[in-house]
Asker: 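Here it is, the structure in full.
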There are 4 protein chains.
Amino acid sequence: MTTSEQTESKGGRPRSEKARAAILRAAADLLLERGLDSVSMDAVAEQAGVSKATIYRWWPTKEALALDALYAEWAEATPASTETGSLRGDLLALLLPWVHQLAKRPYARVMGSFITRARSDPGFASAYVERLMVPRREIARAVLERARQRGELEPAVQIDVALDVLYGAVYHRFLHGHAPLTDQFVTDVVDTVLGGLACR
Amino acid sequence: MTTSEQTESKGGRPRSEKARAAILRAAADLLLERGLDSVSMDAVAEQAGVSKATIYRWWPTKEALALDALYAEWAEATPASTETGSLRGDLLALLLPWVHQLAKRPYARVMGSFITRARSDPGFASAYVERLMVPRREIARAVLERARQRGELEPAVQIDVALDVLYGAVYHRFLHGHAPLTDQFVTDVVDTVLGGLACR
Amino acid sequence: MTTSEQTESKGGRPRSEKARAAILRAAADLLLERGLDSVSMDAVAEQAGVSKATIYRWWPTKEALALDALYAEWAEATPASTETGSLRGDLLALLLPWVHQLAKRPYARVMGSFITRARSDPGFASAYVERLMVPRREIARAVLERARQRGELEPAVQIDVALDVLYGAVYHRFLHGHAPLTDQFVTDVVDTVLGGLACR
Amino acid sequence: MTTSEQTESKGGRPRSEKARAAILRAAADLLLERGLDSVSMDAVAEQAGVSKATIYRWWPTKEALALDALYAEWAEATPASTETGSLRGDLLALLLPWVHQLAKRPYARVMGSFITRARSDPGFASAYVERLMVPRREIARAVLERARQRGELEPAVQIDVALDVLYGAVYHRFLHGHAPLTDQFVTDVVDTVLGGLACR
DNA sequence: CGGTAATCGAGACGGTACGTCATGTCTTACA
DNA sequence: TGTAAGACATGACGTACCGTCTCGATTACCG
C-alpha cells in the first residue's frame with residue numbers, strides 16, 4: 001500500500017480526519033521548506049500534534065506521505081482542459097501555468113527523493129507516475145490528438161515521443177537547474193519542437 | 001570543497017593513493033548496487049579496508065564521494081567527438097553509446113540523490129553539472145554548431161534550447177522510468193526533434 | 001540530573017525495569033573489571049543487550065552511570081548502626097567491614113575517575129558526596145556523639161575534624177596505594193587517633 | 001619508562017631542549033586549566049609548536065607527561081627542612097605552605113586522573129608515589145623522628161601510621177572537596193592528632 | 001446502553017548511522 | 001638521529017532517526 005486509504009472497518013473508533021489533515025499540512029510545509037531527507041517523522045509528528053504511530057498506521061514510508069502531501073498542490077494547477085484553437089496555444093496554456101506552479105516552491109529537491117525512492121520501490125514508482133505525471137500527460141495527449149484531427153500535426157509524429165520531448169525539456173531544467181526555467185524558455189521549447197531543427 | 005583534491009603541502013606523510021583508489025572502488029560498487037541512501041559511510045570504509053576518518057578527510061559528504069566515484073565510469077563513455085557527416089548521424093553517435101552506458105547499471109537511483117543534494121547545496125550543484133553534464137553537452141553543442149555551418153540547421157534554432165530538448169527527452173525516461181529507454185526511442189526523439197511536430 | 005530517576009509521566013510506554021537492571025549489572029561488572037576509562041558506553045550497551053540511546057536517556061554521563069552502578073554494592077556494606085559499648089569498638093565495627101568491602105574489588109580506580117569528574121562537574125560532586133560519603137560519615141558522627149555523651153571524648157574535640165582524620169587515613173592508603181590497607185593498619189589508626197601523638 | 005630521560009646516544013641530532021621545555025610548559029598550562037581528560041596530545045603539540053611524534057618519543061602516556069609537567073611546581077613548595085623547635089610548629093610549617101600551594105590551581109582534578117592511571121599501571125604508580133609523595137613524606141618523617149628524640153612523642157606511636165593520619169586528613173578534603181581546606185582546618189588536624197580524641 | 005474494537009497521545013525501546021574527535025603509529029623530507 | 005608536518009587505522013563519542021512496541025484514554029458502532 002502506498003497511500004493512505006480508509007479501511008472499511010465495521011466497529012472501532014473511526015479515523016480522525018483532523019489528524020489526517022494536520023499530518024498532511026505539516027508534512028507539506030516541512031518537506032518543501034527543508035527537503036525530504038532533512039525532515040524526520042518525529043518532526044512531522046510534533047508539528048502536526050500527532051503521535052508517530054498514527055502516521056505509520058496510514059503511510060508506510062516518508063516518501064508515501066510526501067507524495068500524498070504534495071499531490072493536492074500539484075493537482076490544483078492541473079487544468080481540466082485547454083482549448084485555445086491552436087496547438088501552439090494549447091501547449092503553452094498547459095505548460096506555462098505548470099511551470100509557474102513549479103517555481104512557487106522548491107519542488108525539485110523533493111522530486112529527487114521521489115526518483116530515488118521510485119527506483120528501489122516499484123509500488124512507489126507506480127503511485128508516483130500515476131499521481132504526478134499521468135494526469136497532466138493525458139491532457140497533453142488530448143491536445144496533440146485534437147491537433148492531429150485538425151490536421152495541424154505531421155502525420156508521422158509519435159505522440160508518446162512528442163510528449164517526452166516536450167515535458168522532458170522542461171523537467172530537464174527543472175531538475176538539474178543548469179539554466180533558468182523561464183516563460184521564454186518554455187515558449188522556445190514549444191516553437192523549437194513544433195518547427196523542428198532541420199532545414200527544410 | 002566538494003571533491004577530493006590533493007592539498008599542495010610541503011612536508012608530512014603523503015596521501016595514500018591506495019586508500020584513495022580503494023575508497024572510490026568500494027563506493028562505486030556499493031552505491032550502484034544498493035543506492036546512495038542505503039549505503040553507509042561505515043560500509044564504504046569497511047569494504048575499502050579504510051577508516052571512516054580517512055574518507056571524511058577528503059570528501060565532505062556521501063554525495064561528493066559518489067560524484068567522484070561515478071565520474072570515471074561516465075567519463076569513459078564520453079566520446080571526444082563524433083563525425084559521421086550528418087547531423088542525424090552525429091546525434092545518434094553521441095546519444096546511443098551514452099544510453100547503453102546508462103543501461104548497464106542502476107544509475108537513476110543515484111542521480112535522484114544527486115538532484116536532491118544539488119538543490120540544497122549550491123557547491124555540489126556546480127560540481128555535479130560541471131562533471132556529469134557539461135562535458136557531454138559541449139560535444140553535442142559542437143555537433144550542432146558544425147551542422148549550422150554546413151547549413152543543415154534552421155537558422156532560427158537556439159542551440160541551448162535544442163540541447164535541453166534532446167537531452168531532456170532522454171533524461172525524462174531515464175529518471176522517471178514511465179516508459180523504456182530503447183535505441184528506438186532515441187532514434188525517434190532525434191527524428192522528431194529534427195523534423196518538428198508541425199505540419200509544413 | 002545526575003542519576004536515573006523515573007519521570008512522573010502520565011502516558012507513554014513505561015520504563016523497562018529489565019533494561020534498567022541489565023544496564024546497572026553490566027556497568028558494575030565492566031567498570032570494576034576494566035576501569036571507567038577503558039569501558040565504553042557501546043560495551044555496556046552490548047553487554048546489557050540494550051541500545052546506547054536507552055542508556056543516554058537515563059544517565060547523562062558514564063560517571064553518573066558508574067555512580068548508580070556502584071551505589072548498591074557500597075550501600076550493602078553500610079551498617080545501620082554499630083553499638084559495641086566503647087568508642088574504640090564502635091569505630092572498628094564501622095571501619096573494618098568497610099575496608100573488607102573495599103578490598104573485594106578494584107574500587108580505587110573508579111574512585112579516581114569520580115574525583116576527576118567531580119572537580120569539573122559540581123552536580124556530580126554533590127551526587128558523589130551524597131551517595132558514597134555522607135551515609136557512612138553520618139553513622140560515624142553518631143558514634144562520636146554517643147561517645148561524647150558517655151564522657152569518652154575529650155571535650156575540645158571537633159567532630160568534623162575527627163571524621164576527616166579517621167576516614168582520611170583509610171582513604172589515603174586506599175587511593176594512593178603507597179602501603180597496604182590491612183586490618184592492623186585500621187586498628188593502628190584508631191588507636192593512634194584516640195591516644196594522640198603527643199607525650200602526655 | 002615513565003619519564004623523559006635523555007638516551008645516551010653517540011651520533012645523530014641531539015634532543016631539542018627547546019622542544020622539551022615548550023612541551024612541559026604547554027602541558028602544565030593546559031592540564032591545570034582544563035583537566036587531564038579534556039586535554040588532547042594534539043592540543044599540547046599545537047600549543048607547544050611541536051609535533052605529536054616528538055611528545056610520544058619521550059613520554060609514553062599523557063599521564064607520564066602530566067606527572068613531569070607538574071613535578072616542578074610541586075617540588076618548589078617542598079621545603080628542604082623545617083626547624084621550629086616544636087613538633088606542632090614543624091608540622092604546621094610543613095603542611096601550611098603545601099596547602100597554600102594546592103589551593104593555587106585545580107590540582108585535585110589531575111590527581112584523580114593520576115590515581116586512576118596508577119591503579120592500572122604499576123610503573124606509573126611507582127613514579128607517582130616516588131615523585132609527588134615520598135619527598136614531602138620523608139621530611140615529615142624526619143620531623144617526627146626529631147620529636148621522638150626530643151621526647152615529645154608518645155613512645156608507642158608508629159610513625160608510618162602517624163604520617164598517613166596527618167596527610168590523609170588533608171588529602172581527604174583536598175580530593176573529595178566535601179568541606180573547605182583552610183588553614184584553620186590544618187591547625188585543627190594537627191592539634192587533634194597530637195592531643196588524641198580520647199579523654200585522658 | 002453497555003460492550004467491543006479500532007484509534008489516538010505519549011513516549012520508551014533496539015537498532016543503525018551519523019560526523020567528530022583523540023590515540024598512537026606511520027611516512028616523508030628536512031636539519 | 002631528531003624533528004615538523006600530517007596522513008592513517010582504530011575505535012568511542014553523543015546525537016538523531018527509524019520503525020516498533022506498550023501503555024492508558026478515547027471514541028464510535030452494534031448488539
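Sequence lines set the chain letters: A, B, ... in the order given, protein chains first and strands last, and positions in each chain run from 1. Everything numeric in this text was worked out from a predicted model, so none of it was measured.
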Asker: Among the candidates E/dC8, F/dC23, F/dA4, find the nucleotide nearest to the side-chain atoms of A/S16.
Answerer: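 Ranking E/dC8, F/dC23, F/dA4 by closest atom to the A/S16 side chain puts E/dC8 first.
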Asker: Classify the nucleic acid contact of D/A53 as base, sugar-phosphate or nothing, counting any heavy atom under 4.0 Å across all strands shown.
Answerer: base
Asker: Nearest whole angstrom, please: distance from the P of F/dG14 to the CG of D/D37.
Answerer: 12 Å
Asker: Between C1' on E/dA17 and CG on B/L36, what's the gap in Å once rounded to a whole number?
Answerer: 14 Å
Asker: Checking side-chain contact (heavy atoms from CB on, under 4.5 Å) between D/L24 and each of D/D29, D/L70, D/V44, D/D68, which is the one that passes?
Answerer: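 Answer to the side-chain contact (heavy atoms from CB on, under 4.5 Å) test with D/L24 among D/D29, D/L70, D/V44, D/D68: D/D68.
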Asker: Tell me the interatomic distance from D/M41, atom CE, to F/dA5, atom P, rounded to whole angstroms.
Answerer: 17 Å
Asker: From F/dC17, E/dG14, F/dG19, pick the nucleotide closest to the side chain of A/D42?
Answerer: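 The listed nucleotide nearest to A/D42's side chain is F/dC17.
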Asker: Assess D/R20 against D/W58: is NZ or CZ under 6.0 Å from the centre of the six-membered ring, and within 45 degrees of the ring's axis?
Answerer: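 Not satisfied by the 6.0 Å and 45° rule.
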Asker: Side-chain donor-acceptor pair under 3.5 Å between D/S113 and D/T116, yes or no?
Answerer: no
Asker: Whole angstroms only, please: what is the CZ-C1' distance between D/R15 and F/dA4?
Answerer: 16 Å
Asker: If you go through the side-chain atoms of B/R13, does one of them form a donor-acceptor pair with the base of F/dA7 closer than 3.5 Å?
Answerer: yes
Asker: Look at the side chain of B/K52 and the base of E/dG19, then say whether one donor and one acceptor between them are separated by less than 3.5 Å.
Answerer: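 Pair found.
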Asker: Identify, between C/Y56 and B/V50, the residue whose nearest nucleotide on DNA chain F lies closer to the 5' end.
Answerer: B/V50
Asker: Would you kindly give the CD-to-C1' distance between B/E46 and E/dT16, to the nearest whole Å?
Answerer: 14 Å
Asker: Take atom CD of A/E63 and atom P of F/dC18, then tell me their distance rounded to the nearest Å.
Answerer: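 From A/E63 CD to F/dC18 P: 10 Å.
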Asker: At under 4.0 Å, does any side-chain N or O of A/S51 touch on OP1 or OP2 of E/dG11?
Answerer: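 For E/dG11, OP1/OP2 do not have a side-chain N/O of A/S51 under 4.0 Å.
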Asker: Tell me which of B/S40 and C/R20 sits closer to the 5' end of DNA chain E, going by the nucleotide each one is nearest to.
Answerer: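 Per heavy-atom nearest nucleotide, the more 5' residue is C/R20.
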Asker: Write down the distance between CD1 (D/I55) and P (F/dA4), rounded to a whole number of angstrom.
Answerer: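 Result: 9 Å.
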Asker: Starting from P on E/dG14, measure out to CD on C/Q47 and report it in whole angstrom.
Answerer: 15 Å
Asker: Nearest of F/dC17, F/dG2, E/dG24 to any side-chain atom of D/W58?
Answerer: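 Side chain of D/W58 sits closest to F/dG2.
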Asker: Under 4.0 angstrom, heavy atoms only, what part of the nucleic acid is C/K62 near: base, sugar-phosphate, or nothing?
Answerer: sugar-phosphate
Asker: Does the side chain of C/R117 pick up a donor-acceptor pair with the side chain of C/T61 at under 3.5 Å?
Answerer: no
Asker: Would C/R15 and C/W59 count as a cation-pi pair here, with the cationic atom under 6.0 angstrom from the ring centre and within 45° of the axis?
Answerer: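 Cation-pi check for C/R15 and C/W59: passes.
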Asker: Categorize D/A43 for me: base, sugar-phosphate, or nothing, with a 4.0 angstrom heavy-atom threshold over every strand shown.
Answerer: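 If one applies the 4.0 Å heavy-atom cut-off, D/A43 turns out to touch nothing in the nucleic acid.
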Asker: Ignoring the backbone of C/R57, work out which of F/dC13, E/dA12, E/dG14 is nearest its side chain.
Answerer: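 Nearest listed nucleotide: E/dA12.
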